[in-house]
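The figures that follow rest on heavy atoms only: side chains count, while hydrogens, waters and symmetry mates do not.
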Amino acid sequence: MALFTYRILNQEVEQNIVTLKQQSNVLASNLAATGAVSLLKRDYAAIERLAQRAIEFPGIDEIQVSDANGRVLSDVVLEQGEGRPHFGTPALRVPLAPNVRVEMHTGQMVIWQPVILGDLLGWIRVTHSLAAVAAIKQRIWGTNVLFGILLLTSTVVLLLLILRRPIRTIERYAAFADRMGEKRGEKIGICTTSHELESLGQALNRASTRLYEQDMAIQKGVEELERLAAFPEKSPDIVLSLDYQGAQQYLNPHGWRLLDELGLAGDGVHALLPPDYPALLERCRDEGGPAREIEAGYDGRTFLWVFAPIKKRDLVHCYGIEITARKQAEEQAKSALIEKGVAQVASQAKSMFLANMSHEIR
(Lines give C-alpha, C1' and ligand atoms only; values in the text may rest on other atoms or scores of the structure.)
Protein backbone atom coordinates (compact mmCIF):
# COMPACT_ATOMS: atom_id res chain seq x y z
CA MET A 1 0.00 0.00 0.00
CA ALA A 2 2.83 2.39 0.87
CA LEU A 3 4.66 1.74 -2.42
CA PHE A 4 1.43 2.00 -4.39
CA THR A 5 0.51 5.27 -2.64
CA TYR A 6 4.00 6.67 -3.22
CA ARG A 7 3.84 5.84 -6.91
CA ILE A 8 0.34 7.27 -7.38
CA LEU A 9 1.32 10.35 -5.38
CA ASN A 10 4.39 11.00 -7.54
CA GLN A 11 2.37 10.60 -10.71
CA GLU A 12 -0.35 12.94 -9.43
CA VAL A 13 2.15 15.54 -8.21
CA GLU A 14 4.13 15.44 -11.45
CA GLN A 15 0.96 15.82 -13.48
CA ASN A 16 -0.23 18.78 -11.38
CA ILE A 17 3.16 20.47 -11.51
CA VAL A 18 3.25 20.08 -15.28
CA THR A 19 -0.23 21.62 -15.48
CA LEU A 20 0.77 24.49 -13.19
CA LYS A 21 3.90 25.11 -15.26
CA GLN A 22 1.84 25.28 -18.43
CA GLN A 23 -0.71 27.63 -16.84
CA SER A 24 1.98 29.86 -15.35
CA ASN A 25 3.90 29.96 -18.64
CA VAL A 26 0.73 30.94 -20.50
CA LEU A 27 -0.02 33.65 -17.92
CA ALA A 28 3.55 34.97 -17.98
CA SER A 29 3.70 34.99 -21.79
CA ASN A 30 0.35 36.82 -21.98
CA LEU A 31 1.56 39.39 -19.46
CA ALA A 32 4.77 39.82 -21.46
CA ALA A 33 2.86 40.24 -24.70
CA THR A 34 0.30 42.62 -23.16
CA GLY A 35 2.73 44.68 -21.12
CA ALA A 36 5.52 44.98 -23.67
CA VAL A 37 4.16 48.23 -25.12
CA SER A 38 3.55 49.70 -21.67
CA LEU A 39 7.08 48.74 -20.66
CA LEU A 40 8.45 50.35 -23.83
CA LYS A 41 6.50 53.55 -23.09
CA ARG A 42 7.50 53.36 -19.38
CA ASP A 43 3.81 53.42 -18.44
CA TYR A 44 4.34 51.89 -15.01
CA ALA A 45 0.76 52.55 -13.86
CA ALA A 46 -0.61 50.46 -16.72
CA ILE A 47 1.88 47.70 -15.89
CA GLU A 48 0.76 47.72 -12.25
CA ARG A 49 -2.94 47.54 -13.22
CA LEU A 50 -2.15 44.66 -15.53
CA ALA A 51 -0.37 42.81 -12.69
CA GLN A 52 -3.30 43.45 -10.27
CA ARG A 53 -5.74 41.91 -12.74
CA ALA A 54 -3.48 38.95 -13.48
CA ILE A 55 -2.86 38.09 -9.82
CA GLU A 56 -6.51 37.07 -9.50
CA PHE A 57 -5.51 33.96 -11.47
CA PRO A 58 -5.85 30.93 -9.09
CA GLY A 59 -2.66 29.98 -7.26
CA ILE A 60 -0.67 33.16 -8.04
CA ASP A 61 1.03 34.69 -4.97
CA GLU A 62 3.12 37.46 -6.51
CA ILE A 63 3.80 39.17 -9.87
CA GLN A 64 6.89 41.33 -10.33
CA VAL A 65 7.89 43.34 -13.38
CA SER A 66 11.44 44.59 -13.76
CA ASP A 67 13.57 46.22 -16.41
CA ALA A 68 16.37 44.37 -18.18
CA ASN A 69 18.77 45.10 -15.30
CA GLY A 70 16.45 43.77 -12.58
CA ARG A 71 15.15 47.11 -11.21
CA VAL A 72 11.60 46.43 -9.97
CA LEU A 73 8.99 48.49 -11.79
CA SER A 74 5.91 46.79 -10.31
CA ASP A 75 5.46 44.37 -7.39
CA VAL A 76 1.93 43.08 -6.70
CA VAL A 77 1.36 40.58 -3.86
CA LEU A 78 -1.84 38.65 -3.12
CA GLU A 79 -2.97 39.57 0.41
CA GLN A 80 -6.35 38.58 1.84
CA GLY A 81 -7.65 37.74 -1.61
CA GLU A 82 -6.64 41.06 -3.19
CA GLY A 83 -3.62 42.17 -5.19
CA ARG A 84 -1.79 44.93 -3.35
CA PRO A 85 1.23 46.79 -4.71
CA HIS A 86 4.47 46.85 -2.78
CA PHE A 87 7.04 49.59 -3.04
CA GLY A 88 10.71 49.71 -2.29
CA THR A 89 11.38 46.17 -3.42
CA PRO A 90 15.13 45.64 -3.99
CA ALA A 91 16.41 44.83 -7.46
CA LEU A 92 15.94 41.31 -8.71
CA ARG A 93 18.73 38.95 -9.76
CA VAL A 94 17.52 38.28 -13.28
CA PRO A 95 18.63 35.31 -15.44
CA LEU A 96 21.66 35.76 -17.67
CA ALA A 97 20.01 34.46 -20.84
CA PRO A 98 16.72 35.89 -22.16
CA ASN A 99 14.87 32.56 -21.99
CA VAL A 100 11.92 31.31 -20.03
CA ARG A 101 13.15 29.86 -16.74
CA VAL A 102 11.31 27.79 -14.13
CA GLU A 103 12.56 27.58 -10.54
CA MET A 104 11.17 25.21 -7.91
CA HIS A 105 11.34 26.37 -4.30
CA THR A 106 9.81 25.03 -1.11
CA GLY A 107 6.08 25.51 -1.54
CA GLN A 108 6.50 27.78 -4.57
CA MET A 109 7.24 27.75 -8.29
CA VAL A 110 8.80 30.81 -9.94
CA ILE A 111 8.45 31.58 -13.69
CA TRP A 112 10.83 34.06 -15.32
CA GLN A 113 9.35 35.39 -18.58
CA PRO A 114 11.48 37.76 -20.69
CA VAL A 115 9.72 40.78 -22.28
CA ILE A 116 11.21 41.14 -25.73
CA LEU A 117 10.20 43.70 -28.28
CA GLY A 118 13.14 43.65 -30.63
CA ASP A 119 15.43 43.94 -27.64
CA LEU A 120 15.11 42.68 -24.08
CA LEU A 121 12.94 45.27 -22.32
CA GLY A 122 12.55 43.53 -18.96
CA TRP A 123 11.36 40.54 -17.01
CA ILE A 124 8.09 39.30 -15.59
CA ARG A 125 8.51 37.14 -12.48
CA VAL A 126 5.42 35.10 -11.56
CA THR A 127 5.41 33.26 -8.19
CA HIS A 128 2.91 30.39 -8.17
CA SER A 129 1.90 28.69 -4.91
CA LEU A 130 2.21 24.90 -4.62
CA ALA A 131 -0.35 24.72 -1.82
CA ALA A 132 -2.71 22.86 -4.13
CA VAL A 133 -0.06 20.22 -4.76
CA ALA A 134 0.52 19.87 -1.00
CA ALA A 135 -3.22 19.50 -0.48
CA ILE A 136 -3.32 16.78 -3.12
CA LYS A 137 -0.47 14.97 -1.34
CA GLN A 138 -2.26 15.19 1.99
CA ARG A 139 -5.54 14.02 0.50
CA ILE A 140 -3.97 11.03 -1.24
CA TRP A 141 -1.98 10.01 1.79
CA GLY A 142 -4.98 10.42 4.09
CA THR A 143 -7.26 8.40 1.83
CA ASN A 144 -4.78 5.60 1.32
CA VAL A 145 -3.76 5.45 5.00
CA LEU A 146 -7.40 5.17 6.01
CA PHE A 147 -7.99 2.50 3.40
CA GLY A 148 -4.81 0.69 4.50
CA ILE A 149 -5.90 0.71 8.15
CA LEU A 150 -9.31 -0.69 7.22
CA LEU A 151 -7.70 -3.34 5.01
CA LEU A 152 -5.17 -4.28 7.70
CA THR A 153 -7.84 -4.46 10.39
CA SER A 154 -10.10 -6.67 8.29
CA THR A 155 -7.14 -8.88 7.33
CA VAL A 156 -6.07 -9.33 10.96
CA VAL A 157 -9.62 -10.18 12.03
CA LEU A 158 -9.94 -12.68 9.19
CA LEU A 159 -6.56 -14.24 10.01
CA LEU A 160 -7.47 -14.54 13.70
CA LEU A 161 -10.67 -16.33 12.76
CA ILE A 162 -8.82 -18.68 10.41
CA LEU A 163 -5.88 -19.28 12.74
CA ARG A 164 -7.84 -19.72 15.97
CA ARG A 165 -7.43 -23.50 16.07
CA PRO A 166 -3.76 -23.55 14.97
CA ILE A 167 -2.98 -20.87 17.57
CA ARG A 168 -4.59 -22.95 20.30
CA THR A 169 -2.58 -25.96 19.13
CA ILE A 170 0.62 -23.93 19.20
CA GLU A 171 -0.22 -22.69 22.71
CA ARG A 172 -0.74 -26.30 23.79
CA TYR A 173 2.58 -27.27 22.18
CA ALA A 174 4.31 -24.34 23.89
CA ALA A 175 2.91 -25.34 27.30
CA PHE A 176 4.10 -28.90 26.70
CA ALA A 177 7.56 -27.65 25.71
CA ASP A 178 7.76 -25.57 28.92
CA ARG A 179 6.99 -28.67 31.01
CA MET A 180 9.05 -31.08 28.90
CA GLY A 181 11.71 -31.40 31.58
CA GLU A 182 9.05 -32.55 34.07
CA LYS A 183 7.19 -34.84 31.70
CA ARG A 184 10.12 -37.29 31.46
CA GLY A 185 9.35 -38.96 28.16
CA GLU A 186 5.60 -38.28 28.00
CA LYS A 187 4.05 -37.43 24.63
CA ILE A 188 1.51 -34.88 23.46
CA GLY A 189 -1.46 -35.43 21.18
CA ILE A 190 -0.61 -34.47 17.60
CA CYS A 191 -2.84 -32.13 15.55
CA THR A 192 -3.32 -33.60 12.06
CA THR A 193 -5.19 -30.67 10.48
CA SER A 194 -1.92 -29.16 9.23
CA HIS A 195 1.22 -30.82 7.95
CA GLU A 196 3.38 -28.22 9.72
CA LEU A 197 1.59 -28.68 13.07
CA GLU A 198 1.78 -32.45 12.71
CA SER A 199 5.53 -32.25 12.05
CA LEU A 200 5.96 -29.90 15.02
CA GLY A 201 4.08 -32.27 17.32
CA GLN A 202 6.18 -35.23 16.18
CA ALA A 203 9.35 -33.19 16.72
CA LEU A 204 8.24 -32.32 20.25
CA ASN A 205 7.56 -35.97 21.03
CA ARG A 206 10.97 -36.96 19.66
CA ALA A 207 12.60 -34.21 21.69
CA SER A 208 10.79 -35.39 24.83
CA THR A 209 12.02 -38.94 24.25
CA ARG A 210 15.59 -37.75 23.63
CA LEU A 211 15.53 -35.58 26.74
CA TYR A 212 14.38 -38.54 28.80
CA GLU A 213 17.14 -40.73 27.34
CA GLN A 214 19.72 -38.01 27.93
CA ASP A 215 18.49 -37.53 31.48
CA MET A 216 18.94 -41.23 32.16
CA ALA A 217 22.40 -41.19 30.54
CA ILE A 218 23.40 -38.15 32.60
CA GLN A 219 22.16 -39.85 35.77
CA LYS A 220 24.25 -42.94 35.00
CA GLY A 221 27.22 -40.73 34.15
CA VAL A 222 26.93 -38.88 37.46
CA GLU A 223 26.85 -42.16 39.31
CA GLU A 224 29.94 -43.32 37.41
CA LEU A 225 31.69 -40.02 38.13
CA GLU A 226 30.86 -40.32 41.80
CA ARG A 227 32.31 -43.81 41.78
CA LEU A 228 35.45 -42.64 39.99
CA ALA A 229 35.74 -39.58 42.21
CA ALA A 230 36.01 -41.86 45.23
CA PHE A 231 38.83 -43.86 43.59
CA PRO A 232 41.77 -41.57 44.51
CA GLU A 233 40.57 -41.28 48.09
CA LYS A 234 40.46 -45.04 48.57
CA SER A 235 43.36 -46.04 46.32
CA PRO A 236 46.18 -47.99 48.02
CA ASP A 237 48.67 -46.30 45.68
CA ILE A 238 49.95 -42.72 45.46
CA VAL A 239 47.67 -40.45 43.39
CA LEU A 240 49.32 -37.06 42.78
CA SER A 241 48.42 -34.07 40.58
CA LEU A 242 51.08 -31.58 39.46
CA ASP A 243 50.94 -28.57 37.18
CA TYR A 244 53.50 -28.20 34.42
CA GLN A 245 55.76 -26.21 36.75
CA GLY A 246 55.84 -29.11 39.22
CA ALA A 247 53.64 -27.50 41.89
CA GLN A 248 51.59 -29.99 43.89
CA GLN A 249 47.84 -29.63 43.31
CA TYR A 250 46.47 -32.79 44.90
CA LEU A 251 47.67 -35.80 46.93
CA ASN A 252 45.40 -38.63 48.05
CA PRO A 253 45.21 -39.85 51.69
CA HIS A 254 47.52 -42.81 51.08
CA GLY A 255 50.18 -40.39 49.80
CA TRP A 256 49.88 -38.24 52.92
CA ARG A 257 50.19 -41.29 55.16
CA LEU A 258 53.27 -42.41 53.26
CA LEU A 259 54.88 -38.97 53.67
CA ASP A 260 54.26 -39.09 57.42
CA GLU A 261 55.72 -42.60 57.53
CA LEU A 262 58.88 -41.48 55.71
CA GLY A 263 59.17 -38.29 57.75
CA LEU A 264 58.75 -35.96 54.75
CA ALA A 265 57.11 -32.54 54.83
CA GLY A 266 53.83 -31.71 53.09
CA ASP A 267 55.49 -31.02 49.72
CA GLY A 268 58.11 -33.73 50.19
CA VAL A 269 56.32 -35.97 47.71
CA HIS A 270 58.80 -34.65 45.11
CA ALA A 271 61.48 -36.76 46.84
CA LEU A 272 59.57 -39.88 45.81
CA LEU A 273 59.46 -38.83 42.14
CA PRO A 274 62.11 -39.64 39.55
CA PRO A 275 64.99 -37.12 39.65
CA ASP A 276 64.19 -35.95 36.12
CA TYR A 277 60.47 -35.40 36.76
CA PRO A 278 60.59 -31.75 35.44
CA ALA A 279 61.72 -33.11 32.05
CA LEU A 280 58.95 -35.71 32.20
CA LEU A 281 56.39 -32.97 32.85
CA GLU A 282 57.67 -31.01 29.84
CA ARG A 283 57.49 -34.13 27.67
CA CYS A 284 53.90 -34.75 28.74
CA ARG A 285 53.02 -31.13 27.91
CA ASP A 286 54.74 -31.09 24.51
CA GLU A 287 53.88 -34.59 23.28
CA GLY A 288 50.50 -34.88 24.98
CA GLY A 289 51.08 -38.55 25.80
CA PRO A 290 51.75 -40.40 29.05
CA ALA A 291 55.12 -41.49 30.42
CA ARG A 292 54.92 -45.04 31.82
CA GLU A 293 56.82 -47.36 34.20
CA ILE A 294 59.47 -44.98 35.48
CA GLU A 295 61.19 -46.22 38.62
CA ALA A 296 62.30 -44.00 41.50
CA GLY A 297 63.73 -44.88 44.89
CA TYR A 298 63.84 -43.24 48.29
CA ASP A 299 65.15 -44.56 51.65
CA GLY A 300 65.35 -48.13 50.41
CA ARG A 301 61.85 -48.10 48.92
CA THR A 302 61.10 -48.26 45.21
CA PHE A 303 58.13 -46.73 43.35
CA LEU A 304 56.94 -47.25 39.79
CA TRP A 305 55.45 -44.05 38.35
CA VAL A 306 53.07 -43.27 35.47
CA PHE A 307 52.64 -39.63 34.28
CA ALA A 308 49.36 -38.86 32.42
CA PRO A 309 48.74 -35.27 31.10
CA ILE A 310 45.31 -33.60 31.32
CA LYS A 311 45.67 -30.79 28.75
CA LYS A 312 42.30 -29.14 29.33
CA ARG A 313 43.25 -28.45 32.94
CA ASP A 314 47.03 -27.98 32.45
CA LEU A 315 47.70 -30.78 34.91
CA VAL A 316 49.63 -34.06 35.00
CA HIS A 317 48.20 -36.92 37.05
CA CYS A 318 50.93 -39.08 38.59
CA TYR A 319 50.23 -42.60 39.82
CA GLY A 320 52.88 -44.22 42.03
CA ILE A 321 52.88 -47.95 42.89
CA GLU A 322 55.32 -49.17 45.53
CA ILE A 323 57.30 -52.13 44.19
CA THR A 324 59.82 -52.46 47.04
CA ALA A 325 58.87 -56.08 47.80
CA ARG A 326 59.02 -57.01 44.15
CA LYS A 327 62.41 -55.38 43.72
CA GLN A 328 63.72 -57.20 46.79
CA ALA A 329 62.40 -60.49 45.42
CA GLU A 330 64.06 -59.75 42.10
CA GLU A 331 67.34 -58.95 43.85
CA GLN A 332 67.16 -62.16 45.88
CA ALA A 333 66.39 -64.19 42.74
CA LYS A 334 69.29 -62.53 40.98
CA SER A 335 71.64 -63.33 43.89
CA ALA A 336 70.43 -66.93 43.94
CA LEU A 337 71.08 -67.23 40.22
CA ILE A 338 74.56 -65.81 40.65
CA GLU A 339 75.35 -68.20 43.54
CA LYS A 340 74.01 -71.12 41.50
CA GLY A 341 76.20 -70.14 38.61
CA VAL A 342 79.27 -69.86 40.83
CA ALA A 343 78.50 -73.27 42.33
CA GLN A 344 78.13 -74.77 38.87
CA VAL A 345 81.46 -73.30 37.78
CA ALA A 346 83.16 -74.61 40.95
CA SER A 347 81.62 -78.05 40.44
CA GLN A 348 82.83 -78.11 36.85
CA ALA A 349 86.35 -77.06 37.97
CA LYS A 350 86.35 -79.73 40.66
CA SER A 351 85.25 -82.42 38.19
CA MET A 352 87.91 -81.32 35.74
CA PHE A 353 90.59 -81.34 38.48
CA LEU A 354 89.61 -84.85 39.62
CA ALA A 355 89.60 -86.08 36.06
CA ASN A 356 93.07 -84.65 35.42
CA MET A 357 94.45 -86.11 38.68
CA SER A 358 92.96 -89.50 37.91
CA HIS A 359 94.57 -89.41 34.51
CA GLU A 360 97.97 -88.46 35.95
CA ILE A 361 97.78 -91.15 38.65
CA ARG A 362 97.00 -93.79 36.03
Side-chain angles (χ1 to χ4, degrees), residues 180-182 184-185 207 209-342:
M180 192 177 294
E182 305 170 1
R184 292 189 175 276
T209 302
R210 285 197 299 270
L211 285 176
Y212 175 73
E213 294 173 351
Q214 291 173 1
D215 186 38
M216 296 302 296
I218 290 172
Q219 186 175 352
K220 292 180 180 179
V222 169
E223 294 175 356
E224 182 66 15
L225 287 175
E226 290 175 350
R227 185 184 66 81
L228 293 175
F231 162 71
E233 301 294 322
K234 299 178 181 180
S235 175
D237 303 320
I238 303 175
V239 180
L240 171 67
S241 293
L242 301 176
D243 60 19
Y244 289 125
Q245 287 72 39
Q248 177 179 320
Q249 303 297 323
Y250 170 78
L251 181 63
N252 70 334
H254 175 73
W256 288 110
R257 289 192 297 269
L258 186 60
L259 291 181
D260 292 338
E261 181 182 340
L262 296 174
L264 297 173
D267 58 350
V269 70
H270 295 85
L272 306 181
L273 296 173
D276 61 341
Y277 76 88
L280 294 173
L281 294 178
E282 291 182 3
R283 192 176 78 183
C284 289
R285 179 189 60 194
D286 298 337
E287 298 179 2
R292 304 177 183 276
E293 298 183 356
I294 302 170
E295 292 187 8
Y298 179 80
D299 195 20
R301 304 176 75 162
T302 306
F303 301 90
L304 186 65
W305 288 95
V306 175
F307 291 73
I310 307 297
K311 280 199 168 183
K312 292 184 178 179
R313 299 183 58 187
D314 292 334
L315 292 176
V316 176
H317 289 340
C318 309
Y319 305 93
I321 303 173
E322 186 173 358
I323 59 172
T324 304
R326 192 178 79 184
K327 292 294 288 185
Q328 290 175 352
E330 289 178 356
E331 292 295 332
Q332 291 175 0
K334 188 184 296 184
S335 298
L337 288 174
I338 292 173
E339 291 176 359
K340 182 180 178 181
V342 171

Out of curiosity, [X] [atom1] to [Y] [atom2], how far, rounded to the nearest 0.5 Å?
{"X": "R285", "Y": "F307", "atom1": "CZ", "atom2": "CZ", "answer": "14.5 Å"}
{"X": "I294", "Y": "L280", "atom1": "CD1", "atom2": "CG", "answer": "4.0 Å"}
{"X": "L281", "Y": "L315", "atom1": "CG", "atom2": "CG", "answer": "10.5 Å"}
{"X": "E322", "Y": "T302", "atom1": "CD", "atom2": "OG1", "answer": "8.0 Å"}
{"X": "I238", "Y": "C318", "atom1": "CD1", "atom2": "SG", "answer": "10.0 Å"}
{"X": "L242", "Y": "L251", "atom1": "CG", "atom2": "CG", "answer": "9.5 Å"}

Does any N or O in the side chain of [X] come within less than 3.5 Å of the main-chain N or O of [Y], such that one atom is a donor and the other an acceptor?
{"X": "D276", "Y": "A279", "result": "no"}
{"X": "H317", "Y": "A308", "result": "no"}
{"X": "N252", "Y": "V239", "result": "yes"}
{"X": "H270", "Y": "Y277", "result": "no"}

Do [X] and [Y] come close enough that some side-chain heavy atom pair is under 4.5 Å?
{"X": "L240", "Y": "Y250", "value": "no"}
{"X": "Y298", "Y": "L264", "value": "yes"}
{"X": "L272", "Y": "L262", "value": "yes"}

Over 60° means perpendicular and under 30° means parallel, so classify the ring planes of F303 and W305, tilted if in between.
->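 The arrangement is tilted - the two ring planes meet at 30° to 60°.
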From CA spacing to verdict: side chain to side chain contact (heavy atoms under 4.5 Å, CB included), D314, D243 | CA-CA 6 Å; D314 292 334; D243 60 19; over 6 Å; no
Residues that I321 engages under side chain to side chain contact (heavy atoms under 4.5 Å, CB included), provided they are two or more places apart |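 So I321 forms a side chain to side chain contact (heavy atoms under 4.5 Å, CB included) with D237, I323.
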